[in-house]
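Down below is the structure, laid out as structure tokens.
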Amino acid sequence: MEKTGQFWGGRFKEGMDELMWNFSRGRKADRFLFPYDIKATLVHVKALAKAGILSEQEQRKIESGLKKILDLYNREPDYEEEDIHSFVQESLREIVGVLADKVHTARSRNDLVACDSILAIRDILITLKDKIRGLQRAILEKAEELSDVIIPSYTHLQSAQVVYLSHYLLSFISGFQRVVDFIDWTVENQYCPLTACAGSGTSIGLDAESMARELGLKAPYLNSMDAIANRDYFLDALYIMERVALLLSRMAEDWIIYSSSEFGFLNLPEGFCTGSSIMPHKKNPDALELIRARAGKVIGAKQQFSLLLKALPMTYNRDLQEDKEIFFSTLDELIPMIDVMKEIVRGMGVKQERINEVLENDYLYATDLMEELIKRGVDRASAHKAVGRLIRLSEERGMRLRDVDRTEREKILGIDLSDEEYRAIFSPKRSVDSKRSYNGTAKERVLAQIEYWTSVLS
Ligand code: ARG
């Protein structure tokens with residue numbers, strides 16, 4: 001079968017098998033490249049005119065044809081041709097006739113598809129950054145709204161020390177900020193593959209530097225073969241998505257735990273929970289569970305992509321056509337995860353009564369007691385041991401740490417703390433506000449962080 005818009009075919013006696021045609025055509029993801037294929041082609045056409053391959057009049061004709069195509073079809077058109085490049089070519093031929101065939105001079109689909117992909121990924125990363133910013137803002141607003149709430153922190157999922165809930169929430173904002181920084185770097189540091197052609201470059205003199213500049217890319221490629229073989233931009237974008245998924249999964253896991261009746265200090269918005277068909281009391285955190293599950297798919301995609309690239313011979317191989325499929329399906333998975341998480345953040349609340357009970361756990365203040373001893377001149381090792389012994393004593397006696405009496409305390413701690421001084425150590429507020437170390441959880445530090453993020457995110 002002979003197909004329209006095909007860039008090749010002269011050396012073939014028979015046309016392509018129908019089965020092969022359907023098997024090999026650019027699939028769904030190709031369509032996302034459409035506007036970028038036009039954009040890259042416009043720049044290529046300008047370079048061809050500058051090199052004298054196209055007359056000024058031809059250039060204008062082709063340019064207006066390309067712009068018409070962009071207007072004519074939706075952003076993601078359906079087409080019959082072999083791939084998006086053939087579709088653009090064929091559509092152009094319908095408008096400007098055989099002149100369209102000149103456009104593909106000094107160009108291969110190999111440099112074109114690489115260029116299209118880079119341009120698409122940059123735009124997508126900018127959109128992803130906006131999404132992350134939105135989530136960061138939602139977290140910041142929640143941190144401000146609940147700025148007086150104190151919760152336990154955990155290491156090994158065992159109660160550690162108390163922190164402001166807002167301090168805990170802000171920790172995710174700084175995690176996402178590292179992803180944003182990496183997005184910025186990735187967007188800024190892309191090289192233009194145009195004129196690399198099939199990997200060897202071309203004998204036709206095109207101004208690669210201007211082309212790179214016009215596309216807003218850092219510079220032309222550093223090596224024409226690398227320009228064609230390289231798919232690191234996909235890999236980097238997938239790694240960025242993996243990082244987002246990892247953060248989302250950790251938030252999800254924490255909040256599944258914190259909203260369970262045993263922890264019970266977080267209240268999830270009903271609109272993002274489900275009930276049980278048998279147990280009438282249930283309010284299940286399904287949205288968070290699905291985020292946790294889908295994070296696995298997003299994380300797996302980078303691995304899948306590495307498997308696609310692994311041991312591929314230089315330079316272009318048709319395997320690379322699958323790059324877009326992995327990338328765009330992963331993106332489709334991730335974006336709703338961010339949207340849902342943002343709404344959960346906005347809708348979540350706390351159960352203050354339950355929190356008050358949880359904060360009664362004396363061990364949350366054991367470190368404060370130890371630091372109190374250190375501040376009074378006891379060395380760290382002795383202070384640690386002494387508090388440990390006091391804990392053992394209180395456990396053996398079946399009493400709370402705060403209830404050990406003064407003489408007993410003095411015997412073990414080697415320091416006489418009045419009842420008032422001793423009792424004060426078990427105050428959640430005093431405990432958090434004493435953590436004035438750099439960006440620690442003391443109120444003033446948390447407020448400074450909120451102020452910082454407010455200026456960064458506004
Ligand atoms: N559809 C192809 C892709 O996505 C475009 C490049 C095809 N090049 C080739 N020599 N067959 O990678």
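Order of appearance sets the numbers: ligands from 1, and atoms from 1 within every ligand. These numbers come from the heavy atoms of this one structure, side chains and all, not from hydrogens, waters or symmetry mates.
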Between Trp453 and Glu144, a side-chain donor and acceptor under 3.5 Å
no
Sequence neighbours left out, what passes salt bridge (Lys or Arg N to Asp or Glu O under 4.0 Å) with Glu56? Give chain and number order.
Arg60
Any cation-pi pair here, Lys28 with Phe328, using under 6.0 Å and within 45°?
no
Below 3.5 Å only, please: the N or O atoms of ligand 1 paired with protein N or O atoms, distance on each line.
| from | atom 1 | to | atom 2 | distance (Å) |
| --- | --- | --- | --- | --- |
| ligand 1 | 1 (N) | Gln321 | OE1 | 3.0 |
| ligand 1 | 4 (O) | Lys324 | NZ | 2.5 |
| ligand 1 | 8 (N) | Asn110 | OD1 | 3.1 |
| ligand 1 | 10 (N) | Asn110 | OD1 | 3.2 |
| ligand 1 | 12 (O) | Tyr316 | OH | 2.5 |

State whether the side chain of His44 and the backbone N or O of Lys39 hold a donor-acceptor pair below 3.5 Å, judged by distance alone.
no
Are the aromatic ring centres of Phe32 and Phe327 under 6.0 angstrom apart?
no
Under 3.5 Å side-chain donor-acceptor pair for Arg107 and Thr41:
yes
